[in-house]
Number of protein chains: 2
Amino acid sequence: MTEAARHFDALEAQWSSALHSLGRRVTRQRLAVLAAVERSPHATADDAAAAVRAELPHITVQSVYVVLADLTDAGLLRRIETPHSPARYETRVNDNHHHAVCTGCGRIEDVDCAVGHAPCLTPSWAPDSRRMTIQIAEVMYQGLCDDCRETPANPTDQVPDSPQKEQNER
Amino acid sequence: MTEAARHFDALEAQWSSALHSLGRRVTRQRLAVLAAVERSPHATADDAAAAVRAELPHITVQSVYVVLADLTDAGLLRRIETPHSPARYETRVNDNHHHAVCTGCGRIEDVDCAVGHAPCLTPSWAPDSRRMTIQIAEVMYQGLCDDCRETPANPTDQVPDSPQKEQNER
DNA sequence: CACTTATTCTGAATAATTCATAATAAGGCG
DNA sequence: CGCCTTATTATGAATTATTCAGAATAAGTG
């Protein structure tokens, strides 16, 4: 465990200096939230709050929201919006990766950029659209993971997307 | 106007038969919602409700929500989730196009698929991820449109994304 | 035209997130 | 090292987006 602990100490040092050089104060709640999201990537605000409470039992969800929002626009966290689910956060920033979500169980996986590096930022515009200077390209893949393909309709699973609805039964 | 009216009559006929062949009933509210979204693409549920009320003054937002959800999983509408904004809908379905949102004013533009057709569905997986069978690839570009680049900080504009927050002023 | 049932309406509930204000503590300074 | 300023957090409530349960309505079928 010493190994992992050392790793987190190093990360904490990095985060601290990053915060410092951004002119932001280094607080226990910020470090705790960063550690929580590092430990469980794609965590929601609720997840993060629950994890942080191991260290700071009195923290509220609202504070976690504030911290998450602040760290996100400080560039230390990245916010992901998956369909029909609360926002999620991860510490992997600045590496141009994308996400795949299983429509069966809601599982989220990281995906490397499909087209290398730059092409992601050069869209081909639709005929009737005005141009923009693109800064980010978020790609969200949706599909079925192996587990869900084998067990098609399992109502006990967490289903974040539109559930069942077997139309056309006539 | 006869031209446009004829166009909408044709669309309405298409929608009706599509609904019919899906085993769904053809109702005035469904047609009105489809027409509203056709007229203003990327409309939110509220937008749609407001537009529909021109024709059906008594419709409620809840009903519009139900209709939008139903039409979406019937495949007649596509739901778009832009960051920090309610869900939006459009009638352009099945043509594999993407979207660009201006972080300044929130404007949304359609973007043709950047990498042709199939490549969008073949991600290169991150080393530690499990595979999925990809069905959809949603691409969301973010950037600044020409207007917003010229007038950097205009607080009167609608800013759906993280607003101002001029950090590091010391 | 009547009947079945999908669809809509009504009113309320929930989930996610934000806001205003007061309390606290980080970091700079004397 | 302790004080002071002000960023940050806590507290409590509000808002926004969306969904739900049950009653009323109307589409399509025979």
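All chains are named by letter (A, B, ...) in the order of the sequence lines, taking the proteins before the strands, and each is independently numbered beginning at 1.
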Item checked: Short N-O contact, B:Arg79 and B:Glu138, less than 4.0 angstrom -> no
From [options], pick the nucleotide closest to the side chain of [X]?
| X | options | result |
| --- | --- | --- |
| B:Thr27 | D:dA27, C:dT18, D:dT18 | D:dA27 |
| B:Val26 | D:dG28, D:dA17, D:dT8 | D:dG28 |
| A:Gln62 | C:dT8, C:dT18, C:dA26 | C:dT18 |
| A:His84 | D:dT19, D:dT9, D:dA7 | D:dT19 |

Notebook entry, point to check: For DNA chain D, whose closest nucleotide is more 5', that of A:Arg30 or that of B:Arg79?
Noted result: A:Arg30
Check the phosphate of [N] against [X], side-chain N and O only, distance under 4.0 Å to OP1 or OP2. Yes or no?
| X | N | value |
| --- | --- | --- |
| A:Tyr65 | C:dT18 | no |
| B:Gln29 | C:dC9 | yes |
| A:Ser63 | D:dA10 | yes |

Check: Got a sec: does the CZ of A:Arg28 have more than 12 other heavy atoms crowding it under 6.0 Å?
Finding: no
Note to self: Are more than 12 heavy atoms, taken from residues, nucleotides or ligands other than A:Arg131, located less than 6.0 Å from that residue's CZ atom?
What the structure shows: yes
Check: Where is the tightest heavy-atom contact between B:Asp110 and B:His99, given as atom of each residue plus distance?
Finding: OD1-CD2, 3.1 Å
